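Below: the structure, in C-alpha cells.
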Amino acid sequence: MKIFVKTRIIVLISGIILLQNCTQAAESSNAAPAPELPVYSVITSPATIYQEFPTALEGKNNVEIRSQVDGYLDRIYVEEGAYVRAGQPLFKIDSRSYGEQMNMASANLQAANANIQKAKVEVDRLEPLVAAKVVSDVQLRTAKANYTAAVAAASQAKASVGSARINVGFTTITAPVSGYIGRIPYKKGSLISRTDPSPLTLLSDISEIYAYFSLSELDFIAFQKKYPGASLHEKLKNMPMVELVIADNSIYAEKGKMSIVDGQFDKTTGAISVRAIFPNTGGILRTGNTGRVRMPQLFDKTLVIPQESTYEIQDKTYVYVLGKDNKVTGKPVKISGKTDNYYFISEGLAAGDKIVYTGLGTLKDGISIKPKAISSDSLLRARPL
C-alpha cells in the first residue's frame, strides 16, 4: 500500500513539472519579437541657434505736433496716414489777431525810432549852447538821458515786432521731420490752445525702426562673456546682426544691428533695456507694432539630435540610448538651444552614442530592440539645420 502511494506522488510531481515546462515553452513561443526601430549615431555639426525676446517697435522719431499759439483751426493741409516731408505745412491757425499785433508792434517801433531822432536833435542843439555857456549842462545831460531812453524804447519795440512776427509764423504749423501723419482729432473750426492735453497729431519718422526689449541680469552677463571687446560698445560692434520676427511669425526681410544698452537695471524687474535698429525703407513696420528679436548664437561644433528622438518626463528631456545586447535605457539630456526640427545637446550625450530615432512610445528601460541603422548625415540632409 505504501509503495502504491509513493508511486502516485511521484507520478503527480512529474506531471506538474511537465505541465510547467509545457506552459513556459508555450509562453516563450507566444512572446512578441523585439521591435525593429531606427537607430543612429549622435554627431556634431556647426549650428546657429536663436534666443528670442519680445519687443515693442518705435519709429526713429515720434513727434507730437502741437500749436504754440491759441486760436481757431483755419485749415488742415494733410490727411491722416499721409507721408509728409520736413518743412511741409500741416495746419493753419487763424492769424488775423496775430497780424494786427504785428502791425501794432511795427507802428510802435516806428514811433520809437522817431523819438530817437527827436532826442538826437535835442542833444545836437544843446551841445554848442553848453559849449558857449549859454545854457546849463544840466539840460544837455537831460537830453542825452532822453536819447538813451529813446534808444532803449526802440529796442523794446523791435523785440515786440520780433515776438509778433514769431507768433504769426506759429500760425502755420509745419512738419519738423519727414514721416507719417497719425490720427487728427481736431477738425476745421476747432478752438486750439497751447495747453490742450491732446496734440494736433502724431508725426512718426519710420525710416528706421527701433526694437526695444529687455535682458535679464543672467542674459546680460552671458552677452558680455560671449562677444569680444574691451568695452560694451566694442562688444556691440562685434555682435552679429539680429533678426525680427513680426506678428505673423514671418522673418522681417532686413536684419538689424544692436545699438545701445540702458545705463542701469530696473530695480523692479531686474532687467536692462536694449534696442536693435532695423532699416524700414519700404515703410512696412510702424510705431506700435510688436514682434520678437532673434539674437543668433554661433556654434562651431555642437551635438545635434532630431526633436522626435526625445521624450519628456516632469519637465526633463530624455532619449533612449542603445546599449549592450541591443537593450535601450532612458537617459536625461540638457538642451542648450533648438531649431524647428533639432535640439542642441550640451550634457548627457557624447559623439558616437547610438540613440533611437522614432517609435519611443512603445519603449521602456531594459527592453531589447532590433536596431535598424540609419545615417546621421542623411537626417541632416533631409531636414537641414
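All residue numbers refer to positions in the sequence shown, counting from 1. Values in this document were obtained by computation on a predicted structure and should not be read as measured data.
Looking at Lys60, its side chain never comes within 3.5 Å of a backbone N or O of Ile206 through a donor-acceptor pair. For Ser309 (side chain) and Ile305 (main-chain N/O), no donor-acceptor pair under 3.5 Å exists by modelled atom type.
Asn62 and Thr287 form a side-chain donor-acceptor contact under 3.5 Å, judged by distance and modelled atom types alone. Counting only N and O atoms by type, the side chains of Glu58 and Tyr212 include no donor and acceptor under 3.5 Å apart. No side-chain donor-acceptor contact under 3.5 Å links Thr339 and Asn341. A side-chain N or O of Gln51 and one of Asp219 form a donor-acceptor pair less than 3.5 Å apart. Between Ser368 and Lys327, the side chains place no donor N or O within less than 3.5 Å of an acceptor N or O (distance only, hydrogens not considered). Counting only N and O atoms by type, the side chains of Arg286 and Asn280 include no donor and acceptor under 3.5 Å apart. Ser207 and Asp205 are linked by a side-chain donor-acceptor pair at a separation below 3.5 angstrom, with hydrogens and angles left out of the test.
Note on residues 71-99: pairs passing salt bridge (Lys or Arg N to Asp or Glu O under 4.0 Å), not counting sequence neighbours, are Asp94-Arg96.
At a threshold of 4.5 Å between side-chain heavy atoms, the hydrophobic network of Ile, Leu, Val, Met, Phe, Trp and Tyr places Val274 and Leu218 in two separate groups. Residues Ile181 and Leu202 do not share a hydrophobic cluster, clusters being chains of Ile/Leu/Val/Met/Phe/Trp/Tyr side chains in contact below 4.5 Å. Under the 4.5 Å side-chain contact rule for hydrophobic residues, Val39 and Val319 do not share a cluster. With hydrophobic clusters built from ILVMFWY side chains whose heavy atoms lie under 4.5 angstrom apart, Val78 shares a cluster with Val63. Both Phe91 and Tyr98 belong to a common hydrophobic cluster when Ile, Leu, Val, Met, Phe, Trp and Tyr are linked at side-chain heavy-atom distances under 4.5 angstrom.
Between Ser106 atom OG and Met102 atom CE the span is 4.0 Å, to the nearest 0.5 Å. For the atom pair NZ (Lys237) and CG (Leu232), the distance works out to 12.5 Å, reported to the nearest 0.5 Å. Taken from CG in Leu322 to CD1 in Ile369, the straight-line distance is 5.0 Å, to the nearest 0.5 Å.
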Side chain to side chain contact (heavy atoms under 4.5 Å, CB included) assessment of Ile192 paired with Tyr72 = CA-CA 6 Å; Ile192 305 301; Tyr72 289 99; over 6 Å; no

task = Evaluate side chain to side chain contact (heavy atoms under 4.5 Å, CB included) for Leu303 paired with Phe344, printing each intermediate quantity in order.
result = CA-CA 6 Å; Leu303 296 175; Phe344 304 136; over 6 Å; no

request  = Show your working on side chain to side chain contact (heavy atoms under 4.5 Å, CB included) between Tyr320 and Thr329 and close with a plain yes or no.
outcome  = CA-CA 5 Å; Tyr320 277 114; Thr329 303; 5.9 Å; no

task = Kindly determine whether Glu208 and Glu254 satisfy side chain to side chain contact (heavy atoms under 4.5 Å, CB included), including the steps that lead there.
result = CA-CA 11 Å; Glu208 290 181 333; Glu254 301 279 357; over 6 Å; no

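A perpendicular orientation is assigned to the rings of Phe265 and Phe220, their planes being inclined by more than 60° (bins at 30° and 60°). Under the 30°/60° scheme for interplanar angles, the aromatic rings of Tyr311 and Tyr318 are found to lie parallel.
Surrounding NZ of Lys120 are at most 12 heavy atoms belonging to other residues, nucleotides or ligands under 6.0 Å away. More than 12 non-hydrogen atoms from other residues, nucleotides or ligands lie less than 6.0 angstrom from OH of Tyr83. Counting heavy atoms of neighbouring residues, nucleotides and ligands inside a 6.0 Å radius, atom CE of Met241 exceeds 12 of them. Within a 6.0 Å sphere centred on NZ of Lys257, heavy atoms belonging to other residues, nucleotides or ligands number more than 12. By the 6.0 Å contact criterion, CG on Asp315 is open, its count of non-hydrogen atoms from other residues, nucleotides or ligands being 12 or less. With a 6.0 Å radius and a threshold of 12 heavy atoms from other residues, nucleotides or ligands, Lys225 has its NZ atom at or below the threshold.
For the pair Met258 and Leu236, the tightest heavy-atom approach, listed with the atom from each and the gap, is CB-CD2, 3.8 Å. Taking each heavy atom of Ala211 and Leu57 in turn, the nearest pair found is CB-CD2, 3.5 Å.
With sequence neighbours excluded, the residues forming a salt bridge (charged side-chain N to carboxylate O under 4.0 Å, His left out) with Arg294 are Glu52, Glu243, listed by chain and number. The salt bridge (charged side-chain N to carboxylate O under 4.0 Å, His left out) search around Asp137 returns Arg141, not counting sequence neighbours. Glu122 meets the salt bridge (charged side-chain N to carboxylate O under 4.0 Å, His left out) test with Arg125; sequence neighbours excluded. Applying the salt bridge (charged side-chain N to carboxylate O under 4.0 Å, His left out) rule to Asp70 yields the partners Arg194; only residues at least two apart in sequence or on another chain are considered. Taking Thr281 as the reference, nothing meets the side chain to side chain contact (heavy atoms under 4.5 Å, CB included) condition, with sequence neighbours excluded.
Ring centroid separation for the pair Tyr210 and Phe278 does not come in under the 6.0 Å cut-off.
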